[in-house]
There are 2 protein chains.
Amino acid sequence: MARPAKVSPDRILAAAATEFAARGYAGARVDRIARRARVNKAMLYYHFGSKQQLYRTLLRSTFAQAAERLRAVGGGSHSPADMVDAAIATIADLAREETHFPAIMLREVAEGGAHLDRETLGALAAVPAAFAGIVSRGVASGAFRSVHPMAAYFSMLAPVVLYMAAAPIRRELADTGLLDLATLRPDDFVRHLQDSMRRALARDVSSAPPQSRLKRPTS
Amino acid sequence: MARPAKVSPDRILAAAATEFAARGYAGARVDRIARRARVNKAMLYYHFGSKQQLYRTLLRSTFAQAAERLRAVGGGSHSPADMVDAAIATIADLAREETHFPAIMLREVAEGGAHLDRETLGALAAVPAAFAGIVSRGVASGAFRSVHPMAAYFSMLAPVVLYMAAAPIRRELADTGLLDLATLRPDDFVRHLQDSMRRALARDVSSAPPQSRLKRPTS
DNA sequence: GTCTATACTTCGATAGAC
DNA sequence: GTCTATCGAAGTATAGAC
């Protein structure tokens, strides 16, 4: 949820995104969400019924958004390698716009989907499915070496999501002087990952085009 | 914490590892930890003082173990590429032995280190530091292309940890028929990642030795 | 749709006997 | 070191007026 929002349900969802991302399902407080959304707590229950339903609604929309963006990338007419570049940039962009996305994804994996119903699990499953489609076609067309699409999915998504989610702890570590990560800027990291994935997936070396301008980091 | 344990504090730590990994700091219940450790709750407080101190103790030992294993890998006399192979296998092995490690790592990143004191943060920082050392030397010696060591760290650790932590949700997705990930076995994934990292880091293609037998997945 | 007040429950932590 | 009993805080949720 980007920033403001006019209507109550939207403001509540935005506040919930911040709270659940920062504290997790169990650590999140309904009172804090209500206060941040500037609505009465009873209003929150009026619209969403329970903390759990609010959480599921948020996650469905978050996962659906990620899956939709990846499907859009896969629907284009670019080369498989360019699509993977674009997929990485897309996930990074999503993480920048919806800052709750990385932490929520990590938490839900760690949680084992404990709070999710079947429908929300389905929304989550659509994310790897969308990316796997891109890789499968690349393998089938001979553009990529023979890799398991799900292995490629984890190799791509995990670094982006973990790196983006680690922003707070990076600051913490920098402030206390324990480790300096300031020299690795987000855009540099995205480019590194794009280069690495290109090399990792290329069928053979000479066939790996140096790079495309298709979709590089934005901000 | 591997399996049983004779003494109370060890049993408590083992139980805490399971509980905190599965439910997170806020979701963990002191009563459940005590019951699982087969000790009285008062005993737990006698040994660890508070839920927070117990958590920090667990995390310090977990992170210290990971860092120590990576330092051991970096201390050998193998080629940088073989060391990276070994580092990946080492983290995967650690995740198999200490099954709480992946989830706890993901959760703490998402949490932004909220419950950690300076000492525990230092233990966490030692993990990337150990791996970065390996990569730095590889870059300096010309074995690797010029990459930011921290970028390589995230590209290596994140897939292993996220894949391993995702085991419960993979089962969930398979059971409900939403997504079949059964065809990607852990060992296959580790090998994929080793191959990918080798290709991603190699200075140029011809210089990338096909593979070493140094340390492949164990189990 | 909106708010106040509150019922009900759970949980971290401790007192105090042995 | 170990146990029972319990306190007090915090949290989800709802009743009921407007």
Side-chain angles (χ1 to χ4, degrees), chain A residues 1 4-60 100 104 107-108 110-111 113-117 120, chain B residues 1 4-60 100 104 107-108 110-111 113-117 120:
Chain A
M1 311 297 109
K6 307 300 198 290
V7 241
S8 286
D10 285 354
R11 283 216 316 277
I12 294 170
L13 272 175
T18 307
E19 177 75 3
F20 283 124
R23 317 231 183 198
Y25 180 80
R29 296 295 164 248
V30 174
D31 290 88
R32 259 199 302 259
I33 295 174
R35 189 158 37 80
R36 207 187 309 250
R38 299 190 314 278
V39 302
N40 191 279
K41 184 168 55 161
M43 212 50 227
L44 186 154
Y45 282 99
Y46 173 79
H47 282 299
F48 292 95
S50 72
K51 181 183 181 180
Q52 192 183 57
Q53 275 183 267
L54 172 58
Y55 185 68
R56 288 174 176 172
T57 304
L58 169 67
L59 262 62
R60 270 198 297 273
H100 65 281
I104 291 209
R107 286 185 191 279
E108 207 44 48
E111 206 90 345
H115 310 286
L116 307 187
D117 53 7
T120 313
Chain B
M1 311 296 108
K6 307 300 200 293
V7 242
S8 286
D10 286 355
R11 282 218 315 276
I12 293 169
L13 274 175
T18 306
E19 177 75 2
F20 283 124
R23 316 230 183 198
Y25 181 80
R29 295 295 164 246
V30 174
D31 291 86
R32 259 198 302 257
I33 296 174
R35 188 158 38 80
R36 205 186 311 248
R38 300 191 313 277
V39 301
N40 191 280
K41 184 168 55 159
M43 211 51 225
L44 185 153
Y45 282 99
Y46 173 80
H47 283 299
F48 292 94
S50 71
K51 180 183 182 180
Q52 191 182 56
Q53 275 183 267
L54 172 59
Y55 185 67
R56 288 174 176 173
T57 304
L58 168 67
L59 262 61
R60 271 198 295 274
H100 64 282
I104 291 208
R107 287 184 189 277
E108 207 45 49
E111 207 88 343
H115 311 286
L116 307 186
D117 53 6
T120 313

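Atoms considered below: every heavy atom in the structure, side chains included; atoms not considered: hydrogens, waters and symmetry mates. Order of the sequence lines fixes the chain letters, A, B, ..., with proteins taken first and strands second; residue numbering starts at 1 for each chain.
- Within residues 39-53 of chain B, the residues approached by DNA chain D to less than 4.0 Å at the level of any non-hydrogen atom are N40(B), A42(B), M43(B), Y46(B), in residue-number order.
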Can you check nucleotides 7-9 of chain C for protein contacts, nitrogen or oxygen pairs under 3.5 Å, and list what you find?
none

Could you give me the CA-CA distance, side-chain angles and deciding distance for I33(A) and L54(A), then say whether side-chain contact (heavy atoms from CB on, under 4.5 Å) is met? CA-CA 10 Å; I33(A) 295 174; L54(A) 172 58; 4.1 Å; yes
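- Evaluation of the salt bridge (Lys or Arg N to Asp or Glu O under 4.0 Å) rule for E108(B) yields no partner, not counting sequence neighbours.
- Take T120(B) and apply the side chain to side chain donor-acceptor pair (under 3.5 Å) test, not counting sequence neighbours, and it matches R60(B), D117(B).
- Residues from residues 25-33 of chain A with heavy atoms under 4.0 angstrom of DNA chain D, sorted by number: A28(A), R29(A), V30(A), D31(A).
- Residues passing the side-chain contact (heavy atoms from CB on, under 4.5 Å) test with Q52(B) are Y25(B), S50(B), R56(B), sequence neighbours excluded.
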Can you give me every donor-acceptor pair (side chain of residues 39-49 of chain B, partner residue at least two apart or in another chain, under 3.5 Å) with its distance?
residue	atom	partner	partner atom	Å
N40(B)	OD1	A42(B)	N	2.8
K41(B)	NZ	D31(B)	OD2	3.4

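- For the atom pair CZ of R23(A) and CZ of R29(A), the computed distance is 8.0 Å after rounding to the nearest 0.5 Å.
- In terms of the salt bridge (Lys or Arg N to Asp or Glu O under 4.0 Å) criterion, residue partners of R32(A) (sequence neighbours excluded) are, by chain and number, E19(A).
- Looking at R107(A), its side chain does come within 3.5 Å of a backbone N or O of A22(A) through a donor-acceptor pair.
- In plain terms, the two heavy atoms of R36(A) and A15(A) that are nearest each other are CB-CB, 3.9 Å.
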For L58(A) and H100(A): C-alpha separation, side-chain torsions, deciding distance, then whether side-chain contact (heavy atoms from CB on, under 4.5 Å) applies. CA-CA 10 Å; L58(A) 169 67; H100(A) 65 281; 4.2 Å; yes
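- Contact footprint of chain B on DNA chain D: nucleotides with an atom under 4.0 Å from a non-hydrogen protein atom, first to last in 5' to 3' order, dG1(D) to dT4(D).
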